[in-house]
Amino acid sequence: MLEEKSIILVEDDPDHAELIIAAFVDQGIEQNIVLVRDGQAAIDYFREMELECRGVLDDKITMILLDLNLPKICGMDVIKFIRKQSGYRHIPMVVMSTSSDINTIDESYENGADHYVTKPISYDEFVASLETLKVYC
């Protein structure tokens with residue numbers, strides 16, 4: 001069980017995960033980050049957390065940062081699962097994906113994402129894009 005407020009990062013690419021964590025540190029966001037590597041593991045993690053915390057998760061999770069292109073279960077299905085769980089409805093969910101397709105972005109918002117960030121090419125652009133996420137921390 002989480003002892004302090006955490007950011008849940010659902011990202012299968014180890015390089016992207018490392019980049020995201022480094023960018024958070026560069027932005028002064030130094031919360032505990034829990035890394036989950038695929039869609040099924042994410043759903044399993046959230047189910048376990050809801051049981052352990054008896055559905056009261058707002059004080060345990062600051063935000064969920066989710067890639068869409070995940071193995072086992074896609075990120076869009078993870079969004080749908082999370083938003084159906086009462087304990088997660090008020091936790092900010094940020095989609096971070098390489099896709100800049102407007103239909104994908106719209107679908108993310110329709111399914112319950114609070115924010116959508118397209119993964120930029122350069123590290124500096126990446127750090128700048130994470131600046132907008134400070135509002136959730």
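Bear in mind the structure is a predicted one, so any value in this text is a computation, not a measurement.
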Test item: N111 side-chain N/O and E107 main-chain N/O as donor-acceptor pair under 3.5 Å: yes
Residues R37 and D13 bridged, charged N to O under 4.0 Å: no
Smallest separation among heavy atoms of P92 and T62, with atom names: CD-O, 3.3 Å
Qualifying residues under side-chain hydrogen bond (donor to acceptor under 3.5 Å, both in side chains), relative to N69, sequence neighbours excluded: none
Test item: K119 and H16 side chains (from C-beta on) under 4.5 Å apart, heavy atoms: yes
Point-to-point distance, once rounded to the nearest 0.5 Å, from CD1 of I82 to CG of L66: 6.0 Å
Within-4.5 Å side-chain heavy-atom neighbours: L68 and T104: yes
F46 ring center within less than 6.0 Å of F81 ring center: no
Verdict with supporting geometry, L9 and V36, side chain to side chain contact (heavy atoms under 4.5 Å, CB included): CA-CA 6 Å; L9 173 59; V36 183; over 6 Å; no
From CG (D114) to CD1 (I64), nearest 0.5 Å: 9.5 Å
side-chain hydrogen bond (donor to acceptor under 3.5 Å, both in side chains) partners of D44, counting only residues at least two apart: Q40
Validation row: N32, K5 side chains within 4.5 angstrom (heavy atoms): no
Heavy-atom side-chain proximity of M76 to S108 below 4.5 angstrom: yes
In one Ile/Leu/Val/Met/Phe/Trp/Tyr side-chain cluster, 4.5 Å: Y45, M93: yes
Inter-residue atom distance Y109.OH - H115.NE2, 0.5 Å rounding: 5.5 Å
Main-chain N/O of D38 paired to D12 side chain as donor or acceptor, under 3.5 Å: no
Nearest heavy-atom neighbours spanning A42 and V10: CB-CG1, 3.8 Å
Heavy-atom pair of closest approach, residues G39 and L70: N-CB, 3.9 Å
Polar side-chain atom of R83 near backbone of Y88 as donor-acceptor pair, under 3.5 Å: yes
Flag side-chain contact, heavy atom, 4.5 Å: I105 against N103: no
Value rounded to 0.5 Å, distance of CD1 in I33 from OG in S6: 9.0 Å
Spatial distance of atom CE (M96) from atom CG (L65) [nearest 0.5 Å]: 5.0 Å
Distance (rounded to the nearest 0.5 Å) between E11 CD and I21 CD1: 9.5 Å
Heavy-atom closest pair, residues Y116 and S99: OH-O, 2.7 Å
